[in-house]
Structures are given as C-alpha cells and as structure tokens.
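Some notes on the structure that comes next.
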Amino acid sequence: MGGGFASLGADLAARAAAGLYRGRRVLEGPQATTVRVDGRELLAFCSNDYLGLANDPRVIGALQQGAARYGAGSGASHLVSGHSRAHHELEDALAEFTGRPRALLFSGGYAANLGVISALLGRGDAVFQDRLNHASLLDGGLLSGARLQRFLHNDAASLEARLARSPARRKLVAVDGVFSMDGDEAPLAALAAASARHGALLYVDDAHGFGVLGERGAGTLEKQGMGSAAVPLLMATLGKALGVAGAFVAGSEELIETLIQFARTYIYTTAMPPALAVAAAASLRIVREEPWRRAHLQELIGRFRAGANALGLQLLPSQTAIQPLLLGDAATALRWSEQLLARGLLVPAIRPPTVPRGQSRLRVTLSAAHSVVEVERLLQALADIAGA
Ligand SMILES: *Cc1c(COP(=O)(O)O)cnc(C)c1O
C-alpha cells in the first residue's frame with residue numbers, strides 16, 4: 001500500500017517488538033469453565049460469564065424458542081419495524097428489576113455508551129470521567145464534542161474540584177460501577193453527592209456489577225444502596241453475567257425518550273435479534289431465582305484471594321469476580337500467561353493500552369460455574385510458577 005499507509009507494517013512490527021501484539025484464540029465449543037482451543041481442553045479463568053449462564057440449557061432453550069417464534073434476525077431498526085414484543089417485554093422486565101420507570105435496549109454496551117453520551121451532551125457541555133473508565137465511555141465523550149475532564153480514580157474530591165471549575169451548561173459524570181480491569185467498585189455515594197452539589201448527572205456503566213452484586217443481583221447500585229435519585233441513568237450489558245449479548249439503559253421517562261429520539265447508535269442500527277431478548281429474559285429470571293450463584297461466586301473469590309495472598313502474589317483491592325494479579329511489564333505478564341497455558345490454564349495477559357504502562361497483569365476472572373477444586377488448581381499452578 002502506498003501513501004501514509006506504507007507505515008502500517010512498521011506500526012505492526014513496533015507493536016510486536018514492544019510485546020503488545022494481540023492475537024485471537026479460536027474456541028471450538030461453548031463458553032464454559034473448560035474451553036476447547038487448538039484441540040486442547042483448557043481450564044479458563046478469563047470470561048465475563050460470571051454466573052455461568054452463557055451455556056445454561058434454559059437460556060439456550062429460550063434462544064431456540066425465540067428463534068422459532070421470531071426468526072433469526074429483527075430485520076430493521078427499532079424505530080422502523082424491528083422492535084418486537086420480545087424486546088418490549090425484556091425492557092419492561094429490566095426497568096422493573098432496576099426499579100426505574102423505563103429501560104431501553106441497545107445492541108451492546110459500547111453502542112449504548114456512545115449513544116447515551118452523545119445524545120445528552122454537545123459542544124459547550126462537559127463530561128467528567130474516572131481515569132480508569134472503559135474505552136466506550138471515553139469514546140462516547142469524544143463523539144459528543146463535550147469537553148473531557150478526567151478525574152483521579154475513585155476520587156470524589158478530584159471530581160468535585162473539576163466540577164466546581166467548570167462553566168459548562170450540562171455536566172455528566174460517567175463511571176464504571178465495577179472497573180473492568182481492576183475489579184474495584186466506584187464510591188457511588190460520594191460521587192453522587194459531588195454531582196448533586198454541582199448540578200451534574202451521574203451515569204453508571206455497571207457492565208461488571210449487574211447480575212453479580214447486591215442481594216438480588218441488581219448490581220453495584222443495589223450493593224451500595226443507591227437509587228435513581230443518586231444515579232439517574234444506569235447502563236448494564238447483557239453479554240457478561242447474563243451470558244447473552246446486548247445492553248440496556250434504565251432511567252426516567254424523559255431520559256429514555258430523549259435516547260429514543262437522539263441516540264444515533266440506537267436509531268441507525270438493526271435491532272438485536274428478538275431471540276436474544278428472549279434468551280436474556282430467561283437469564284434475568286435465573287439471576288433473580290438462583291441467588292446461590294452469587295453466594296458460590298463470593299466463596300470462590302474469598303478462597304482465591306486467601307490463596308493468592310498466602311503465595312505473596314500482588315492482588316488489587318477487589319471484592320468482585322475480577323481478581324487481577326499485577327505483574328508489571330508486558331513481558332512478565334505474557335510469560336506467566338504462557339506458563340499457565342503450559343499447565344492447561346487459560347488466563348490471558350492484559351497489557352497497555354488496555355491498562356497503564358508498568359501495570360500489565362493477569363486478569364483472573366471467577367465464575368459461579370467454577371468449582372472449588374478448579375480454583376485450587378489455578379492456585380497450585382500459580383504457586384509452581386511463582387516458586388520457579
Ligand atoms: C464490556 C464493557 C462494555 C461494552 O459492552 P459490550 O456489550 O461488550 O459492547 C462497556 N462498558 C464496560 C465497563 C465493559 O466492561
């Protein structure tokens with residue numbers, strides 16, 4: 001290729017030389033604690049299927065029945081003729097479950113964050129983001145044209161100082177409920193108080209809390225006792241703990257109607273297949289009816305942390321299913337990941353730009369589908385590698 005594209009090869013080579021090249025593994029079967037890759041069975045600690053629902057027979061059955069009733073695809077966007085009864089019922093169920101007047105489905109969390117922020121903000125407005133926010137929140141802010149202000153991670157005083165200085169017409173504070181690469185939770189009460197003092201709207205992306213945290217599994221807000229007065233707008237995905245795909249935003253009548261009218265990633269895209277909505281509704285029922293999944297997951301988290309601490313490994317202060325082991329440079333993280341792979345365990349290394357330089361890690365994730373014995377196998381393998 002000519003012109004400016006002649007440097008693509010050099011850019012790829014530079015990424016490889018820095019130990020940052022990414023590749024994909026091909027799974028030959030379902031997402032489960034044991035996955036089939038390259039003809040090998042690997043014990044995996046890396047999916048976001050926190051409740052073990054991605055391969056649940058009831059969810060698969062719902063998907064099949066949904067396809068039998070509604071067909072394979074939705075055939076149109078929601079505003080044309082793609083909005084089915086299945087979508088509508090799932091929205092109602094999600095609104096009820098999150099204790100909000102309305103919910104709105106998006107094809108994914110990435111699309112939801114782009115759509116929400118760019119529908120609510122424009123030039124002259126400001127978006128305040130935690131430094132460790134997910135890429136989709138940052139990209140939504142960029143797309144909106146609003147002024148970007150980043151504040152120190154989980155630091156309400158740092159947020160407040162920036163809010164106080166901002167002359168913006170509209171101020172939106174966006175945070176992850178559970179930070180995707182660190183596993184810690186946002187301090188919602190403090191962030192909500194700071195937001196309220198400055199007329200800002202707090203928007204929480206609970207991709208990793210929804211289904212997992214709180215007595216009922218309603219997420220980080222439930223766990224921290226926060227309602228819609230503190231957090232008027234909530235987003236969560238259906239592809240993580242719910243094991244399917246898609247996302248939703250929940251909030252007031254006025255906010256949701258605003259999104260239907262102005263969120264371009266809602267308007268100009270094909271509605272998710274209705275069968276996925278039927279499957280996600282089945283997952284949501286399991287989330288409500290099987291609290292033992294959350295209890296078992298908590299037990300595994302406790303065992304993993306105790307075991308890793310005993311080995312002297314550097315954990316982050318996370319109480320969630322995301323339990324990163326901090327290793328430092330990208331090469332070390334890669335080496336640990338490869339040594340685990342040699343022992344039949346799949347835990348990919350997370351490197352820059354996903355995490356800051358010098359903070360490469362193994363992002364261990366636990367699932368209610370794991371057994372205690374499987375977690376012990378991981379700890380044993382980590383002990384071997386740490387000792388070697
Ligand atoms: C995964 C994730 C998203 C994106 O959701 P998708 O449904 O996968 O597009 C958004 N925000 C956070 C915090 C996430 O972890």
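Every number for a ligand or one of its atoms is a count from 1 in the order of the listing.
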Can you list the atoms of ligand 1 that are under 4.0 Å from a heavy atom of [X]?
X: Gly108; answer: 7 (O), 9 (O)
X: Ser136; answer: 10 (C), 11 (N)
X: Tyr110; answer: 4 (C), 5 (O), 6 (P), 9 (O)
X: His208; answer: 14 (C), 15 (O)

Side-chain heavy-atom pair Thr237, Tyr110 within 4.5 angstrom cut-off: no
Atom 8 (O) of ligand 1: nearest protein contact (heavy atom, Å): Lys240 NZ, 4.3 Å
Do any nitrogen or oxygen atoms of [X] come within less than 3.5 Å of a nitrogen or oxygen of ligand 1?
X: Asp205; answer: yes
X: Thr237; answer: no
X: Asp176; answer: no

Okay, side chain of [X], backbone of [Y]: is any donor-acceptor separation there less than 3.5 Å?
X: Arg377; Y: Val373; answer: no
X: Arg25; Y: Val37; answer: no
X: Gln31; Y: Asp49; answer: no
X: Gln319; Y: Glu185; answer: no

Shortest heavy-atom approach to atom 6 (P) of ligand 1 - which of Gly109, Gly239, Ser107: Gly109
Minimum heavy-atom distance between Leu213 and Glu222, given as atom pair plus value: O-OE1, 3.9 Å
Within 6.0 Å of CG in Asp38, more than 12 heavy atoms from elsewhere: no
Ligand 1-proximal atoms of Ala247, by part, heavy-atom distance under 4.0 Å: neither
